[in-house]
Every structure is written in C-alpha cells, then in structure tokens.
Amino acid sequence: MPRQLGDLEDAVMTRVWQWNRPVTVREVLEDLQRERSIAYTTVMTVMDNLHQKGWVRREVDGRAYRYTAVSTRAAYSAALMNEAWSRSDNPAAALVAFFGMMSAEQREALEDAVRMVSPNPAGTAPGTPAETAPGNPAEPPAGTTGDDAPADGATPESGR
C-alpha cells in the first residue's frame, strides 16, 4: 500500500501527472520556482527518491534523466482511500461518515463512478430496471428483437 506523499513529493508528482510526458529535473525546478525558492539539487533528490520508491521511471536523455509517472493521480488517490478504509474497524460506518463529508459535486461524481462500474444486466439499457417483477423478465422494447438489433434488420453498416 502506498504511503502518502510528502508536500514536496506531491508538488513534484502533481507536475509529472499534469504534464503527462517525460520531464526533466530542470523543467520541474523552473515550475516550482514560480511558487518557492528551491535548489536544483533538492528537486533532483526528490525525483531520485520518487524513482527509488517506484512512483516514477526514468530514462537517460543526454546528461540528464527524463522522468515519467508509473501510475495516475487517480490510482494514487484510490489506493490511499482504500488503505484508509481497510484500516477501519467498521468499514460501513467509515463509508457513511465519508459520504456525509462529500459536497454535492463529489456525490454526483460518486454516483457517476458507481454507474460506470456497476454491471449492466444483459438485455437492459443503462438506467433501465433489470426486471419488471420477480420471476417475470422484462419485455424487449417495441421495434427490437431483444438482442439490441433493430426489428427491421437495419444495422449501422447498412445505413438504414
């Protein structure tokens, strides 16, 4: 499980993730210097540490290295949330408390994410109930054969 990044590690990784391309110490340094006074050797050490910890991979480019993120910020955030949740002695209560802290935008994003990972029962469109009554399968929509093909035999390839 990942350990939370330190402040400077996070500032460096934020740039690596945002730029989404191989970056040099010099590029990161110049961007960081817009916010704070920092030495080249400090950034170089942080990036080397991130490499040793497995957060970035690096390739030689002339006399310098180019660093690339190993995973995404989303994967990092998910791993941190999973680790925190798994440490709870009452995971359900922890989720309820977490949901209670969410803004309306965050709850909407959560609902979208749940829809994306929820299995879609065969023969139902997203957002459609899987069955109409216990033991009574849903009828296919009018004008279809039940296998998502139009009843008249038209296909996207046929242009009808």
Side-chain angles (χ1 to χ4, degrees), residues 1-131 137-138 146-149 155-157:
M1 287 292 165
R3 167 187 75 73
Q4 186 169 355
L5 296 171
D7 290 340
L8 189 51
E9 290 174 325
D10 186 68
V12 168
M13 285 305 300
T14 294
R15 284 151 178 85
V16 174
W17 282 319
Q18 285 177 345
W19 296 341
N20 196 28
R21 61 175 172 75
V23 300
T24 64
V25 171
R26 176 78 50 205
E27 291 172 312
V28 175
L29 170 72
E30 290 172 359
D31 200 59
L32 283 171
Q33 285 178 330
R34 295 176 189 191
E35 301 171 0
R36 63 178 94 184
S37 176
I38 190 166
Y40 180 92
T41 54
T42 302
V43 177
M44 183 175 63
T45 299
V46 169
M47 294 185 81
D48 184 60
N49 289 343
L50 289 167
H51 175 256
Q52 297 299 324
K53 293 176 181 180
W55 288 106
V56 294
R57 67 178 58 93
R58 66 185 180 193
E59 294 180 15
V60 176
D61 183 15
R63 293 179 46 189
Y65 286 113
R66 288 206 173 266
Y67 295 84
T68 308
V70 170
S71 67
T72 64
R73 178 176 287 281
Y76 165 68
S77 297
L80 288 177
M81 288 187 287
N82 187 55
E83 181 177 355
W85 184 48
S86 68
R87 291 181 183 213
S88 174
D89 60 346
N90 187 341
L95 283 175
V96 169
F98 179 64
F99 297 156
M101 295 177 196
M102 293 177 131
S103 67
E105 279 182 356
Q106 290 169 323
R107 283 191 299 275
E108 187 175 317
L110 175 64
E111 290 169 0
D112 291 343
V114 168
R115 275 193 295 275
M116 289 171 49
V117 299
S118 294
N120 186 20
T124 62
T128 304
E131 53 188 52
D147 61 359
D148 292 337
T155 64
E157 294 81 22

Counterpart residues, side-chain contact (heavy atoms from CB on, under 4.5 Å), relative to S103 (two or more places apart): E105, Q106
M47 side chain near V23 side chain, heavy-atom distance below 4.5 Å: yes
Residue pair M13 / A69: nearest heavy atoms and the distance that separates them: CE-CB, 4.2 Å
Pairwise side-chain contact, V16 with W55, heavy-atom cut-off 4.5 Å (strictly under): no
Set of side-chain contact (heavy atoms from CB on, under 4.5 Å) partners for L80, sequence neighbours left out: P2, Q4, Y76
Qualifying residue, where the test is side-chain contact (heavy atoms from CB on, under 4.5 Å) with T68 and the options are R58, E59, R57: R57
Sequence neighbours excluded and cut-off under 3.5 Å, please list the side-chain donor-acceptor pairs for residues 109-117, or say none.
| residue | atom | partner | partner atom | Å |
| --- | --- | --- | --- | --- |
| D112 | OD1 | R115 | NH2 | 2.3 |

Pairwise side-chain hydrogen bond (donor to acceptor under 3.5 Å, both in side chains) hits with a residue in residues 7-21, at least two apart: R3-E9, E9-K53, D10-R73, T14-R73, R15-D31, R15-E35, R21-E27
Exercise: identify the closest heavy-atom pair between A11 and L32: CB-CD2, 3.8 Å
M44 to V25 - nearest heavy-atom pair and separation: N-CG1, 3.7 Å
For R63, side-chain hydrogen bond (donor to acceptor under 3.5 Å, both in side chains) partners two or more places apart: none
Pairwise ring-ring contact (aromatic ring centres under 6.0 Å, His included) hits with a residue in residues 82-108, at least two apart: none
Smallest separation among heavy atoms of Y67 and D48, with atom names: OH-N, 4.3 Å
